[in-house]
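One structure is given below, encoded as structure tokens.
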There are 2 protein chains.
Amino acid sequence: MTRQRIIEESLSLFANHGYENTSLTMIAELVGIKKPSLYNHFKGKEAIFSAVLDDVAAREMEVMQTEINVPTSDSIDDQLFGIYKNYLAHLSNSMEGLFFKRVTFFPPDEFAEEIKRVFLLVEECLTNIIRPIFEEGKKTGKLRALSTDTMTSAFYTLIDGLFLEENFYPREVFETRKQASWKVFWLGIQA
Amino acid sequence: MTRQRIIEESLSLFANHGYENTSLTMIAELVGIKKPSLYNHFKGKEAIFSAVLDDVAAREMEVMQTEINVPTSDSIDDQLFGIYKNYLAHLSNSMEGLFFKRVTFFPPDEFAEEIKRVFLLVEECLTNIIRPIFEEGKKTGKLRALSTDTMTSAFYTLIDGLFLEENFYPREVFETRKQASWKVFWLGIQA
DNA sequence: CAATGACTAACTAACGGTTGTTAGTCTCTA
DNA sequence: TAGAGACTAACAACCGTTAGTTAGTCATTG
């Protein structure tokens with residue numbers, strides 16, 4: 001019980017302040033216990049971070065399968081745009097999104113490898129969703145005859161760019177960027 | 001003399017470790033003096049960071065005017081691609097690029113406003129370079145009849161995405177993304 | 001049924017180390 | 001002879017961590 005609370009509060013602290021700028025005092029305070037009591041549940045700060053990372057990884061994989069994917073009955077552009085929109089919304093609104101942004105971009109040295117591994121896992125999960133859509137689109141002639149890798153790469157760059165812009169620009173500017181980027185991307189891949 | 005050395009070494013430390021994870025001891029060591037001697041040149045850590053930020057801002061503005069811009073004799077796609085390539089190369093290879101990446105996306109709270117101001121200034125500088133190119137392109141019919149804002153927004157998202165990917169993926173993956181993203185972007189705005 | 005022992009999870013106190021910062025001193029140079 | 005710029009020594013505050021204690025819970029046992 002307390003263990004789960006520690007993970008949750010730590011997630012939000014790590015997401016907002018990064019690993020090194022989050023102190024055990026802050027975590028303990030938010031949980032409502034004293035600092036040394038944390039050691040009843042975790043071996044130390046690194047163990048807390050690891051637990052948070054594992055938790056986030058598991059939850060992200062699940063979200064990817066359930067929330068991001070959309071019914072295949074839609075047309076290709078609706079389908080793609082749906083994924084685009086859902087994924088960005090998830091990154092924007094969830095604490096996991098902010099956490100991911102923090103730690104993938106400037107990871108604490110001792111976790112760099114593990115974080116990269118988790119991130120690539122999540123990315124692969126998304127790739128498995130969008131590749132078939134691109135391929136189907138090419139087959140039915142709705143998309144240009146670009147390689148699937150090209151489309152996937154461009155799609156990711158798009159998402160990464162917005163991912164990054166989301167917490168920097170005011171919401172209205174961000175919305176403009178989101179719409180504009182999609183429009184140009186779609187014109188770029190559409191047959 | 002020493003003052004300038006402090007700024008330079010601090011720039012690289014702030015760029016690589018962030019503000020909070022850079023200690024005065026580290027700076028002093030790299031400069032080759034003892035920690036308290038820093039106070040002969042700056043009021044404190046915050047003052048050092050401010051000086052670095054000002055320095056970077058000035059240098060970035062100059063780079064933007066000289067290195068990024070390319071001769072207008074080229075065709076529109078060469079011109080745009082030149083800017084794209086030059087700007088990304090600058091962000092990738094210069095210490096200022098890494099510094100910018102660090103501090104714009106996860107700024108130390110007390111500098112958030114100032115950093116944003118500087119960033120938007122640099123961005124505006126780039127906007128002044130690319131907007132006329134888009135408009136010229138539309139006039140000559142080489143580009144689609146999209147609004148200039150749409151093109152500019154999409155261009156920035158593209159750059160921001162690669163900006164992020166550059167220090168995360170291995171160089172080869174990054175190069176793939178860079179090429180693919182440009183291809184789709186160009187197909188998206190080309191008439 | 002009552003008592004014992006093990007376990008969990010909280011606590012206080014304190015550790016050594018590092019942080020940014022200040023005070024005061026010495027030395028070279030203009 | 002000033003002053004600039006280096007130094008040493010020390011500060012309080014905070015860091016992650018450890019040790020040792022205490023209270024409550026639960027299962028096993030006489």
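Each chain gets a letter, A, B and so on, in the order its sequence line appears, and its residues count up from 1.
- In this structure, CD1 on B:Ile83 lies 11.5 Å from CG on B:Leu88, to the nearest 0.5 angstrom.
- B:Glu123 pairs by the salt bridge (charged side-chain N to carboxylate O under 4.0 Å, His left out) definition with A:Arg177, not counting sequence neighbours.
- At a non-hydrogen distance threshold of 4.0 Å, nothing from residues 108-115 of chain B comes into contact with DNA chain D.
- Separation of atoms CZ (A:Arg144) and NZ (A:Lys138) is listed at 13.0 Å; rounding is to 0.5 Å.
- In this structure, B:Lys101 fails the cation-pi test against A:Phe105, since its NZ or CZ atom is not both closer than 6.0 Å to the six-membered ring centre and inside 45 degrees of the ring normal.
- Residue B:Leu38 contributes atom CG, which lies 13 Å from atom P of C:dT19 at whole-angstrom precision.
- To the nearest angstrom, P of D:dA4 lies 11 Å from NE2 of B:His41.
- Counting only residues at least two apart or on different chains, the side chain to side chain donor-acceptor pair (under 3.5 Å) pairs with a member in residues 178-191 of chain A are A:Ser181-B:Thr157.
- Distance CZ (B:Phe42) to C1' (D:dA6): 16 Å, rounded to an integer number of Å.
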Completion exercise
Protein-proximity profile, nucleotides 12-21 of chain D, B/S/- by nucleotide at the 4.0 Å heavy-atom cutoff, equals ---SBBB---

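- Distance check, rounded to the nearest 0.5 Å: CZ of A:Phe134 to CG of A:Leu80 gives 5.0 Å.
- Distance CD (A:Gln4) to C1' (C:dT8): 18 Å, rounded to an integer number of Å.
- With ring centers used as reference points, A:Tyr19 lies under 6.0 Å from A:Phe14.
- Listed by chain and residue number, B:Arg131 satisfy the salt bridge (charged side-chain N to carboxylate O under 4.0 Å, His left out) test with B:Asp149 (two or more places apart in sequence, or in another chain).
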Distance-only check: which donor-acceptor pairs under 3.5 Å involve side-chain atoms of residues 49-57 of chain A, not counting sequence neighbours?
{"from": "A:Asp55", "atom 1": "OD2", "to": "A:Arg59", "atom 2": "NH2", "distance (Å)": "2.4"}

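- For the OP1/OP2 pair of C:dA10 and a distance below 4.0 Å, the side-chain nitrogens and oxygens of A:Thr2 include at least one atom meeting the criterion.
- Atom-to-atom, CZ of B:Arg3 to C1' of D:dA4 comes out at 15 Å; the value is rounded to the nearest Å.
- The shortest distance between the side-chain N/O atoms of B:Ser37 and the OP1/OP2 oxygens of D:dG5 is not below 4.0 Å.
- If you take CD of B:Glu29 and C1' of D:dC7, they are 16 Å apart, rounded to a whole angstrom.
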